[in-house]
J.: 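Handing you this structure, nothing more for now.
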Number of protein chains: 2
Amino acid sequence: PHVDLKVGLDSREALVPLAEAAVRRGRVVGVLVEFDAGMGRVGVVEPNSALELARLAESLDGVRFDGLMFYPGHIRVPASEQGPMLEALADRVARFVDCLSDAGLSPDTVSGGSSPTLWNSHTLPGLTEVRSGTCIYNDRDMVELDVAGTQDLAYTVLASVVSVAVPGQAVVDAGSKALAKEPFRSSGDGFGVLLDRPAIKVRALSEEHGILDLTDTDWEPRIGDRVRIVPNHVCVSVNLQDHLWGLNEDGLTRVSLEGRGR
Amino acid sequence: PHVDLKVGLDSREALVPLAEAAVRRGRVVGVLVEFDAGMGRVGVVEPNSALELARLAESLDGVRFDGLMFYPGHIRVPASEQGPMLEALADRVARFVDCLSDAGLSPDTVSGGSSPTLWNSHTLPGLTEVRSGTCIYNDRDMVELDVAGTQDLAYTVLASVVSVAVPGQAVVDAGSKALAKEPFRSSGDGFGVLLDRPAIKVRALSEEHGILDLTDTDWEPRIGDRVRIVPNHVCVSVNLQDHLWGLNEDGLTRVSLEGRGR
């Protein structure tokens with residue numbers, strides 16, 4: 001009773017057992033019908049399918065139709081270039097909202113947004129909730145997309161140089177098990193950059209080793225030097241840690257990551 | 001005293017503090033000098049550099065020169081096509097062993113190998129230890145490299161179909177936080193295949209979602225169906241789990257992963 005549980009779904013097969021389980025527990029669960037905003041991952045494609053699910057939710061005990069949700073994960077261009085994609089998204093959101101409203105099921109909640117669209121989501125007509133996660137920490141991708149500046153990077157992986165034996169590179173003790181091997185989606189290559197020397201990329205990753213590309217720098221790292229690496233995609237890097245060290249004016253605090261691995 | 005600790009290293013900067021720390025603890029630590037076998041990651045490049053480090057190890061208290069180590073991570077072709085690369089590797093190993101032996105520092109240990117070279121490493125003259133890890137479980141890459149057959153796959157990620165809303169695909173609840181987003185290195189695309197339907201690939205991964213490509217199959221998955229996914233690279237997928245379920249003739253056993261995140 002202390003939890004206002006809402007479930008996003010896009011199928012009858014998810015909705016019906018959810019309603020049955022809620023009835024068994026004497027609870028009512030809010031339902032957000034998810035629609036595909038253009039990413040082509042999850043969510044119903046046609047407004048009529050959303051309407052069918054909304055009607056079914058209204059007709060079942062144990063659930064309550066709360067509204068719509070979507071994730072515009074297909075919009076991955078800099079904030080200043082998002083105009084045409086946002087207009088198409090606004091049209092698509094309106095089609096779903098109108099279809100439901102015309103049938104007397106006007107959605108109380110219209111939940112959407114993402115970190116790449118963080119500074120533009122408020123311009124979408126009818127949106128009642130902006131969901132974004134990456135912006136808590138930001139990463140190399142968010143800087144490339146003009147969502148964040150270097151001063152907004154709240155997460156780095158601290159690594160030590162462990163080998164400079166092969167000319168033109170330095171090897172650090174942070175590999176794909178610390179940074180996550182995610183390609184740089186915005187443009188260019190590498191699996192991360194140094195916070196203090198952003199021209200230096202992590203050229204390659206194996207599990208426990210990251211290779212810094214030194215071809216474009218005069219910097220000559222020595223074994224034992226510490227570097228702070230900004231990963232391409234912070235979400236999957238955080239998920240690899242058991243805890244973080246948080247830094248504020250009072251110093252360092254160890255922060256446990258309770259969601260990791262769950 | 002219960003632990004016979006050996007450390008692989010490729011620099012004076014790692015060796016000297018190691019020796020000092022061992023002396024402070026009244027211990028003697030074995031040193032394996034690592035050389036670059038062709039991967040271009042860590043390890044000294046020239047035999048003379050290995051000899052210098054071996055001599056330094058011999059001259060310092062707290063450490064003992066035990067031999068050589070290398071990792072032939074550059075050999076990633078099927079076992080039957082590895083001949084020329086293995087011959088070049090054998091030559092390179094011999095150059096390092098001979099250089100040390102000629103100087104009276106014949107290495108007791110020559111430690112090398114990898115999972116892709118698992119069935120050929122014994123043909124390398126002078127090798128005293130084969131190190132390979134992936135072969136404990138095997139993965140899509142090992143099958144592609146003829147290191148393992150489907151019957152040797154000891155690790156899969158059990159996932160549920162959660163959405164079939166977008167035509168031509170099915171979405172499962174295993175994404176990059178369960179499978180790891182590692183490109184298929186051998187050939188082809190995708191981030192994994194189904195164990196029972198290996199023609200069906202995981203076409204795309206986001207954090208909590210994997211997208212199965214259904215364009216080349218008659219199979220029509222339903223929401224709630226369970227699938228077993230073989231990841232491209234098992235090492236980084238295992239590292240994402242808190243525990244595994246082991247299956248033998250006595251049934252299921254929960255296996256904790258103590259090394260995860262360490």
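In what follows, chains carry the letters A, B, and so on, assigned in the order in which the sequence lines appear, proteins first and then strands, with residues in each chain numbered from 1.
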J.: In terms of heavy-atom proximity below 4.5 Å to chain A, should B/R12 be classed as side chain, backbone, both, or neither?
T.: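 For B/R12, neither part sits under 4.5 Å from chain A.
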J.: Between B/V236, B/N239, B/L240, which residue shows the highest count of heavy-atom pairs closer than 4.5 Å to chain A?
T.: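 It is B/N239.
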J.: Can you name the closest pair of heavy atoms from A/P167 and B/V45 and give their distance?
T.: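 A/P167 and B/V45 have their closest heavy atoms at CD-CG2, 4.3 Å.
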J.: Among B/R222, B/Q241, B/H233, who wins on heavy-atom pairs under 4.5 Å with chain A?
T.: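 Most heavy-atom pairs under 4.5 Å with chain A: B/H233.
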J.: State the CD-CG distance between A/E13 and B/D225, to the nearest 0.5 angstrom.
T.: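 Between A/E13 CD and B/D225 CG, I get 10.0 Å after rounding to 0.5 Å.
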J.: Where on B/V42 is there a heavy atom nearer than 4.5 Å to chain A: the side chain, the backbone, both, or neither?
T.: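 Answer is both: backbone and side chain atoms of B/V42 are under 4.5 Å from chain A.
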J.: Kindly give the heavy-atom pair with the smallest separation between A/G43 and B/A165, and that separation in Å.
T.: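 A/G43 and B/A165 have their closest heavy atoms at O-CB, 3.2 Å.
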J.: Any chance you could measure A/E182, atom CD, to B/E207, atom CD, to the nearest 0.5 Å?
T.: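 The CD atom of B/E207 is 7.0 Å from CD of A/E182, to the nearest 0.5 Å.
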J.: Give the member of A/S176, A/A204, A/C235, A/S11 that has the highest number of heavy-atom pairs under 4.5 Å with chain B.
T.: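 Among A/S176, A/A204, A/C235, A/S11, the one with the most close pairs to chain B is A/C235.
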J.: B/V164 versus A/D10: any side-chain heavy-atom pair under 4.5 Å?
T.: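 Of all side-chain heavy-atom pairs linking A/D10 with B/V164, none is under 4.5 Å.
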J.: Identify which part of B/I211 has an atom lying under 4.5 Å from any heavy atom of chain A, answering side chain, backbone, both or neither.
T.: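 B/I211 touches chain A through side-chain heavy atoms alone.
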J.: Looking at B/S206 and A/R41, what are the two nearest heavy atoms and their distance?
T.: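 Answer, listing the atom of B/S206 first, then A/R41: OG-NH1, 2.5 Å.
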J.: If you tally heavy-atom pairs under 4.5 Å against chain A, which of B/S163, B/G175, B/A180 wins?
T.: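 Looking at each of B/S163, B/G175, B/A180 in turn, B/S163 comes out on top.
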